[in-house]
2 protein chains.
Amino acid sequence: MDEVAGRRPGLSEQLAESLLALIAGERLAPGDALPTVRALAERLDVTAPTIREALRRLEATDAVRLRHGSGIYVGPGVLRTLMPNPNPIPVDGAQVLFLVEARLAIEPGVAALAARHRSAEQLARLEASATPGAEAGSGAGTAQGSERRKRANFHRELAGACGNPVLYEVVDSLLAARAGEQRALRRLVPDRARDLDQHWAIFEAVRDRDAELAEELTRSHLIELRENTAAQVAETD
Amino acid sequence: MDEVAGRRPGLSEQLAESLLALIAGERLAPGDALPTVRALAERLDVTAPTIREALRRLEATDAVRLRHGSGIYVGPGVLRTLMPNPNPIPVDGAQVLFLVEARLAIEPGVAALAARHRSAEQLARLEASATPGAEAGSGAGTAQGSERRKRANFHRELAGACGNPVLYEVVDSLLAARAGEQRALRRLVPDRARDLDQHWAIFEAVRDRDAELAEELTRSHLIELRENTAAQVAETD
DNA sequence: GCGTGCAGATTGATTAAATCAATTAGTCAA
DNA sequence: TTGACTAATTGATTTAATCAATCTGCACGC
């Protein structure tokens with residue numbers, strides 16, 4: 001009946017907003033501590049279980065983190081505008097294909113942007129992710145300290161080099177979603193060495209600021225991935 | 001200390017997964033009802049407040065919906081792989097610009113895909129969204145029933161016409177994020193009529209299956225949007 | 001001196017029972 | 001048939017108490 005029921009006051013949703021307002025008001029950054037559950041409950045004039053529900057809601061998007069025996073902390077999620085669904089349900093092969101095709105539509109353009117805008121540091125990170133085994137290596141000057149570093153994924157780093165944090169989140173979310181589903185397939189990459197060669201070629205194009213080449217190499221690289229994926233989906237089907 | 005602390009079992013996170021498993025196991029679709037809080041609590045061998053925390057976590061991503069006095073229902077969020085951050089914090093002008101530029105990197109390619117793959121029905125929806133005032137109109141045959149229809153946004157419909165649900169979610173998320181931030185700016189579109197004309201031109205290109213034209217028109221359309229946004233950001237700054 | 005290890009305090013996690021509030025459905029009267 | 005009232009269902013919140021994990025600091029021993 002209600003159809004476009006505008007959604008009324010809500011529930012403990014208000015509390016979640018109040019908590020975000022508190023974080024924003026106090027200029028808290030990821031890693032900073034929040035008051036205790038009991039303190040928050042008193043401050044917002046509700047009881048502990050209620051404040052807890054609001055915290056769980058925020059925790060779902062990694063906006064806060066509750067560490068047993070320690071306290072409540074701001075999480076990296078507050079800063080994001082986009083994210084993968086943290087509650088993924090098992091998917092079918094068609095969905096995996098859509099995922100790869102979405103990357104095919106997005107990442108070539110991102111590679112072109114990266115070739116134009118990449119900084120020296122971003123280039124170094126990209127090179128490291130294109131080099132297997134090298135891992136963290138030296139990089140003594142980066143001082144990445146508390147920065148949360150995911151495992152160096154070439155495509156992630158490529159998106160990071162484009163200079164647009166929103167685009168990075170888009171690609172990061174697609175990759176994260178894929179990670180949750182790639183278990184359904186045997187191996188997405190039959191020829192690992194070939195994969196690395198292509199990564200390296202893309203890196204070189206970005207290094208030389210050749211946007212068109214970077215775009216085209218990324219496109220053909222992902223087309224191969226799509227073909228491999230389609231073949232495995234058909235096989236599993 | 002823990003650095004890469006792997007994250008232990010977690011907490012009531014297990015319960016959230018159990019609930020998702022229940023949804024998946026029972027083949028429940030968005031709109032279907034779940035057992036009552038008390039029943040779930042007994043079934044999963046925990047007490048009501050605990051199950052409630054898990055439900056809040058799922059509610060945050062629209063995987064379930066709790067309707068006071070009615071019951072618990074599966075939400076549309078379960079099917080998504082990507083979503084906008086449901087807990088957005090106020091942003092600055094730079095972030096808004098990044099958002100527009102991300103759309104500029106993505107939507108032209110989406111328009112090209114839409115021109116190639118759009119169905120007759122998708123074309124009709126696109127035309128409707130390009131025509132102001134027409135609104136729902138006739139369309140007696142669609143029988144959209146319980147389908148949750150957001151207000152007809154041209155760019156959203158364009159993404160819907162590309163045939164890739166993941167790409168649709170990407171664009172949808174970017175638009176939703178923008179909606180949460182456009183209040184910071186006066187008006188993103190100074191000339192509404194010009195905007196509509198451009199939408200109509202894009203529609204025509206998609207109708208005629210002219211992928212290159214659709215791509216180019218969408219690009220120039222978004223470039224204008226970027227310029228307008230940049231001007232307003234600079235002004236507000 | 002320095003590190004180990006054992007209390008105690010802090011803080012989140014969970015339980016328990018009870019009450020409040022909103023929706024739904026059923027019933028009865030006009 | 002229609003409308004309003006009532007009662008059952010179900011989620012929302014409170015209160016109080018207990019369990020468990022983490023951190024702090026002091027004492028002990030090498």
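Protein chains get the first letters and strands the later ones, always in sequence-line order, with residue 1 at the start of each.
- Contact of A:R67 with C:dG12 (side chain to base): no donor-acceptor pair of N or O atoms is detected under 3.5 Å.
- In this structure, B:R52 atom CZ and C:dC20 atom C1' are separated by 12 Å, rounded to whole Å.
- Taking every side-chain heavy atom of B:P49 into account, C:dA16 is the closest of D:dT13, C:dT11, C:dA16.
- Whole-Å rounding puts the A:E59 CD to C:dG12 P distance at 12 Å.
- A:S173 and A:R80 share a donor-acceptor pair across their side chains, judged by distance under 3.5 Å alone.
- The distance between atom CG of A:L34 and atom P of C:dT10, rounded to the nearest whole Å, is 20 Å.
- The A:S12 side chain lies nearest to D:dT13 when the options are D:dG11, D:dT13, C:dG12.
- Using a 4.0 Å cut-off, some side-chain N or O of A:R56 falls inside it from OP1 or OP2 of C:dT14.
- Taking atom CZ on B:R65 and atom C1' on D:dT10, their separation rounds to 19 Å, with Å as the unit.
- Between the C1' atom of C:dG12 and the OH atom of A:Y73 lies a distance of 11 Å, rounded to the nearest Å.
- Within the nucleic acid shown, B:T36 comes within 4.0 Å of sugar-phosphate atoms alone, with no base atom in reach, counting heavy atoms only.
- Regarding A:E13, its CD atom lies at a distance of 16 Å from the C1' atom of D:dG11, rounded to whole Å.
- Using a cutoff of 4.0 Å between basic side-chain nitrogens and carboxylate oxygens, A:E53 and B:R52 are scored as salt-bridged.
- Mapping A:I51 and B:I72 onto DNA chain D via the closest heavy atom, the residue that lands nearer the 5' end is B:I72.
- Formation of a donor-acceptor pair under 3.5 Å by the B:Q122 side chain with backbone atoms of B:S119 is found in this model.
- The phosphate of C:dG12 has neither OP1 nor OP2 within less than 4.0 Å of any side-chain N or O from A:S70.
- For D:dA12, the base has no donor-acceptor partner in the side chain of B:H68 [N/O atoms by modelled type, under 3.5 angstrom].
- When rounded to the nearest whole Å, the span between CG of A:L55 and C1' of C:dT11 equals 13 Å.
- Contact annotation: side chain of B:R38 to base of D:dG11, donor-acceptor pair present below 3.5 Å.
- Atoms CZ and OG1, on A:F203 and A:T131 in that order, are 7.0 Å from each other to the nearest 0.5 Å.
- Side-chain contact between B:T81 and A:Q95 is present, with at least one heavy-atom pair separated by less than 4.5 Å.
- Within the structure, every side-chain polar atom (N or O) of A:T50 is placed at least 4.0 Å from both OP1 and OP2 of D:dA12.
- Taking atom CZ of A:R57 as the reference point, atom P of D:dA12 lies 10 Å away to the nearest angstrom.
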